[in-house]
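Each remark here refers to the structure printed beneath this line.
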Amino acid sequence: DQQVKQNSPSLSVQEGRISILNCDYTNSMFDYFLWYKKYPAEGPTFLISISSIKDKNEDGRFTVFLNKSAKHLSLHIVPSQPGDSAVYFCAASAYGNQFYFGTGTSLTVIP
Amino acid sequence: DVKVTQSSRYLVKRTGEKVFLECVQDMDHENMFWYRQDPGLGLRLIYFSYDVKMKEKGDIPEGYSVSREKKERFSLILESASTNQTSMYLCASSQDNRKAYSNQPQHFGDGTRLSIL
């Protein structure tokens, strides 16, 4: 059973606008969440993370929000750039070193 | 920067062959992982290892085995390759959370696109 879900397989956004990628999880024991970015023919690259003791973490144009009561995670990219076009995976772990990944959302930023 | 190197970017093998996928990391990480990525299914964990000569089954270990004789190297073995093992295989490594006293992300190699004919 998928413990981490990304229900939107794809998303298209105009350059300069905000991209919002969503992720839901079912395991209330998850305490660490990450977002990865993946270009075709490359491995996933770590983007940003958040611990369950926080509800927001920012790194430049990227912000991750965590809503523990809703078991929901989102990644905001502002402003979106064409180079942001990639597949984004969210992942979660529970007090350990093993991660559970979502199925990914393909983001296309239109120039 | 962490460097995770997978020995082959593309590999074509035949049904029934024994296939070895190699992965090396240069950051002295304790943890190493093998995933496969398939369209619509995301990344699924095959096997992982927390230390030399240690291994744990992931979510889909059937048809696979692993070997970790040295800390920096983690090998995935397809004992008798089948067409349903055609996939993108990704290796990852991470520092142990307990040694780092904090949560640690996984760092990935560029993947091996394996085709079984």
Side-chain angles (χ1 to χ4, degrees), chain A residues 1-10 21-25 27 29-54 57 59 62 64 66 73 75 86-106, chain B residues 1-6 8-10 21 23 25 27 29-51 54-61 88-113:
Chain A
D1 190 29
Q2 196 82 17
Q3 297 191 57
V4 178
K5 298 177 183 178
Q6 293 176 258
N7 293 316
S8 298
S10 62
L21 296 98
N22 294 303
C23 180
D24 296 297
Y25 61 95
N27 189 342
M29 302 298 285
F30 286 149
D31 68 336
Y32 184 53
F33 304 87
L34 305 92
W35 284 94
Y36 284 86
K37 176 179 178 180
K38 186 182 183 300
Y39 292 118
E42 293 183 13
T45 303
F46 168 65
L47 196 57
I48 191 169
S49 65
I50 188 166
S51 166
S52 60
I53 62 173
K54 294 186 173 183
N57 189 28
D59 184 1
F62 302 91
V64 56
L66 177 63
L73 187 69
L75 175 68
V87 177
Y88 290 80
F89 291 97
C90 66
S93 73
Y95 307 120
N97 297 293
Q98 182 179 353
F99 283 90
Y100 298 87
F101 284 81
T103 53
T105 296
S106 179
Chain B
D1 274 357
V2 176
K3 184 71 174 175
V4 179
T5 303
Q6 295 184 230
S8 304
R9 294 297 300 272
Y10 301 93
L21 301 183
C23 176
Q25 50 94 3
M27 283 302 293
H29 284 170
E30 291 76 21
N31 305 323
M32 296 190 76
F33 307 82
W34 274 106
Y35 295 88
R36 62 179 282 177
Q37 182 196 358
D38 300 288
L41 297 177
L43 275 67
R44 294 182 292 166
L45 183 64
I46 305 171
Y47 266 97
F48 59 102
S49 170
Y50 289 153
D51 202 348
M54 291 184 67
K55 60 183 179 184
E56 298 282 346
K57 291 180 179 179
D59 298 320
I60 51 165
M88 167 71 87
Y89 289 87
L90 292 161
C91 175
S93 73
S94 69
Q95 191 176 8
D96 191 300
N97 287 347
R98 292 163 297 179
K99 288 192 176 182
Y101 299 102
S102 67
N103 289 300
Q104 297 294 307
Q106 293 181 5
H107 301 271
F108 285 84
D110 281 338
T112 296
R113 171 82 53 194

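We name chains A, B, ... by the order of the sequence lines, and we start the count at 1 in each one.
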Which atoms of A/Ala91 approach chain B - backbone, side chain, both or neither, heavy atom under 4.5 Å
neither
In Å and rounded to the nearest 0.5 Å, what is the CD to CD distance from B/Gln106 to A/Gln98?
8.5 Å
Interchain contact, B/Leu41 with chain A, by part (heavy-atom threshold 4.5 Å)
backbone
Under 4.5 Å from a heavy atom of chain A, the part of B/Arg113 involved
neither
Pair B/Gln104-A/Phe46, side-chain contact (heavy atoms from CB on, under 4.5 Å): steps then yes or no
CA-CA 11 Å; B/Gln104 297 294 307; A/Phe46 168 65; over 6 Å; no
Can you give me the closest heavy-atom contact between A/Pro44 and B/Phe108, atom names plus distance?
O-CB, 3.5 Å
Let me confirm one number: the OG1-CG distance from A/Thr103 to B/Asp38, rounded to the nearest 0.5 Å.
12.0 Å
What pairs with A/Tyr88 under side-chain hydrogen bond (donor to acceptor under 3.5 Å, both in side chains), at least two apart in sequence or on another chain?
none
Check each atom of A/Gln6 against the heavy atoms of chain B and say whether the ones under 4.5 Å are side chain, backbone, both or neither.
neither
Contacting region of A/Tyr36 [heavy-atom separation from chain B under 4.5 Å]:
side chain
Side chain / backbone / both / neither for B/Gln37 at chain A, heavy atoms under 4.5 Å
side chain
Identify the two heavy atoms, one from B/Pro105 and one from A/Leu34, that lie closest to each other, and give their separation to 0.1 Å.
CB-CD2, 3.3 Å
Would you say the rings of A/Phe99 and B/Phe33 are close, in the sense that their centroids are separated by under 6.0 Å?
no
Counting only non-hydrogen atoms closer than 4.5 Å, does A/Pro9 touch chain B with its backbone (N, CA, C, O), its side chain (CB onward), both, or neither?
neither
Which pair of heavy atoms, one from A/Ala41 and one from B/Tyr10, lies closest together, and at what distance?
CB-OH, 4.3 Å
Please name all residues satisfying side-chain hydrogen bond (donor to acceptor under 3.5 Å, both in side chains) with A/Asp31, sequence neighbours left out, ordered by chain then number.
none
Rounded to the nearest 0.5 Å, how far does CG of B/Leu43 lie from NZ of A/Lys38?
8.0 Å
